[in-house]
Visitor: 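Here's a structure for you.
Letters A, B, ... mirror the listed sequences (proteins, then strands); counts begin at 1.
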Amino acid sequence: MVCELFTNLESIADLLVYPTTCYYWFYLVVLGTIFTVISLSLYFIEKEKIGKADAISTLGVSSIATLLLALIGTLIRNSDGIPMVQQNIFLYVLAFTIVFIGIWFFKK
Amino acid sequence: MGSFQDIFGNFAFLGLMVLAILGLVITVQNLNESVQPLSEHELINETFTNITSLIGSAEGESKSKYNLFSSEKPRLGFGSIVLFTIVTVGKTFGNLIFGLFTFIIKIPLIILGVNQTIVSMIISFLTISIVIALWIVYKFGG
């Protein structure tokens with residue numbers, strides 16, 4: 001996998017996969033940010049509406065959302081067949097989210 | 001600590017959830033002809049197969065233990081009725097909980113590189129909880 005110039009982008013998939021070819025961990029950082037934003041938003045929305053919030057639940061819900069986004073990412077590939085989210089990155093996301101989902105379900 | 005039924009119920013439910021998540025990922029990737037499917041990864045493949053067989057075996061174990069339990073003749077103990085099959089039931093389901101935990105913890109342990117001491121601490125806590133919960137089942141019947 002070589003980081004090429006920002007050319008020969010024929011489709012949206014090519015554009016989405018482009019950062020992966022240059023920076024392997026790009027989508028791990030993106031998914032991590034999405035996870036943090038969703039969990040914090042849910043937490044503070046719940047706190048504002050009900051008065052108290054459950055951090056484990058919000059982390060569990062955002063874990064499922066992040067996992068599904070990463071799964072969709074593994075299905076998107078460019079014209080060379082390179083997936084948007086690489087297997088190793090998806091494994092990290094899976095392992096990380098399973099911990100929160102596990103704690104959430106165990107607590108329930 | 002919680003009762004034995006709660007601990008076993010939570011672990012069985014957690015095992016089913018992990019199985020469902022892995023099943024969803026593997027099925028979606030296979031249906032969409034993913035370039036790097038998760039099913040090709042050795043650790044995930046092994047975990048998926050082991051959890052499937054362990055949860056599958058729970059049905060058989062439950063049936064055999066129920067048959068043992070229903071065929072046992074109750075004996076009178078000191079101020080109570082003694083049923084020895086409850087001990088084998090407890091042992092079997094205690095082993096199922098440990099089996100499930102071992103397979104589920106493998107994914108974060110290996111991939112994220114979780115420290116072994118943290119896992120040891122959780123296992124110690126789990127062991128004590130199960131032993132105390134089983135003792136309550138043996139002693140008071142629930």
Side-chain angles (χ1 to χ4, degrees), chain A residues 1 11 13-14 16-18 20-21 24-29 31-32 35 56-57 59-108, chain B residues 1-2 6-48 51 97 100-115 118-119 122 125-126 129-130:
Chain A
M1 216 177 343
S11 62
D14 283 345
L16 286 170
V17 176
Y18 177 74
T20 305
T21 58
Y24 191 75
W25 304 99
F26 181 79
Y27 281 107
L28 189 66
V29 178
L31 288 165
F35 172 79
I56 298 291
S57 301
L59 285 169
V61 172
S62 46
S63 294
I64 292 176
T66 313
L67 186 66
L68 288 177
L69 281 174
L71 177 62
I72 293 166
T74 58
L75 304 176
I76 297 169
R77 52 177 181 259
N78 69 358
S79 44
D80 295 333
I82 299 165
M84 184 177 135
V85 176
Q86 303 280 317
Q87 194 192 49
N88 276 0
I89 303 295
F90 185 68
L91 271 174
Y92 275 109
V93 174
L94 180 74
F96 185 76
T97 52
I98 268 185
V99 172
F100 288 114
I101 294 169
I103 295 169
W104 182 37
F105 280 117
F106 201 78
K107 196 179 155 240
K108 279 176 97 180
Chain B
M1 292 269 172
D6 288 341
I7 296 173
F8 180 73
N10 282 341
F11 264 93
F13 189 61
L14 184 61
L16 278 175
M17 279 300 126
V18 173
L19 186 72
I21 289 167
L22 290 179
L24 172 84
V25 170
I26 289 169
T27 310
V28 169
Q29 286 191 333
N30 285 345
L31 285 175
N32 291 285
E33 294 166 0
S34 175
V35 187
Q36 297 172 342
L38 205 65
S39 52
E40 280 178 12
H41 196 275
E42 199 183 335
L43 172 69
I44 300 296
N45 201 354
E46 190 193 337
T47 310
F48 185 67
I51 293 179
I97 294 170
L100 267 175
F101 180 76
T102 314
F103 296 136
I104 293 168
I105 201 72
K106 242 185 193 177
I107 299 174
L109 184 72
I110 294 172
I111 296 168
L112 296 181
V114 175
N115 199 331
I118 294 169
V119 180
I122 299 170
F125 180 73
L126 190 68
S129 304
I130 291 171

Visitor: Under a 4.5 Å heavy-atom cut-off, does chain B meet the side chain of A:I64, its backbone, both or neither?
Guide: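 Interface part for A:I64: neither.
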
Visitor: Which one of A:L91, A:I98, A:N88, A:L94 has the most heavy-atom pairs closer than 4.5 Å to chain B?
Guide: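 Max contact count across the listed options: A:L91.
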
Visitor: Quick check on B:L38 against chain A: is it the side chain, the backbone, both or neither that has a heavy atom closer than 4.5 Å?
Guide: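 When you check distances to chain A, atoms from both the backbone and side chain of B:L38 fall under 4.5 Å.
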
Visitor: Could you check if a side-chain atom of B:L24 sits within less than 4.5 angstrom of a side-chain atom of A:L68, using non-hydrogen atoms only?
Guide: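 Contact flag for B:L24/A:L68 side chains = yes.
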
Visitor: By a 4.5 Å heavy-atom criterion (distance strictly below it), what part of B:V25 contacts chain A: side chain, backbone, both, or neither?
Guide: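 Contact with chain A is through both the backbone and side chain of B:V25.
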
Visitor: Using non-hydrogen atoms and a 4.5 Å limit, figure out which bit of B:L22 sits close to chain A: side chain, backbone, both or neither.
Guide: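 Contact with chain A: side chain only.
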
Visitor: Closest heavy-atom contact between A:R77 and B:S34?
Guide: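 Heavy-atom minimum between the residues: NH1-CA, 4.2 Å.
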
Visitor: Contact part of A:Y92 toward chain B, heavy-atom cut-off under 4.5 Å: side chain, backbone, both or neither?
Guide: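 Contact with chain B: backbone and side chain both.
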
Visitor: Given heavy-atom pairs under 4.5 angstrom as the criterion, report whether the side chain, backbone, both or neither of A:L67 touches chain B.
Guide: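 For A:L67, side-chain heavy atoms alone lie under 4.5 Å from chain B.
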
Visitor: Between A:Q87 and B:Q36, what is the shortest heavy-atom contact and its length?
Guide: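 So the minimum-distance heavy-atom pair works out to N-OE1, 2.8 Å.
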
Visitor: Check each atom of B:I44 against the heavy atoms of chain A and say whether the ones under 4.5 Å are side chain, backbone, both or neither.
Guide: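 Side chain only.
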
Visitor: Looking at B:I111, B:I110, B:I107, which has the largest count of heavy-atom pairs under 4.5 Å with chain A?
Guide: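 Counting heavy-atom pairs under 4.5 Å, the top option is B:I111.
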
Visitor: Might you point out which heavy atoms bring B:Q29 and A:L75 nearest each other, and give the distance in Å?
Guide: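 Of all heavy-atom pairs spanning B:Q29 and A:L75, the closest is CA-CD2, 4.0 Å.
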
Visitor: Which atoms form the tightest heavy-atom contact between A:G102 and B:L14, and what is the distance?
Guide: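 Scanning both residues completely, I find the closest heavy atoms to be CA-CD1, 3.2 Å.
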
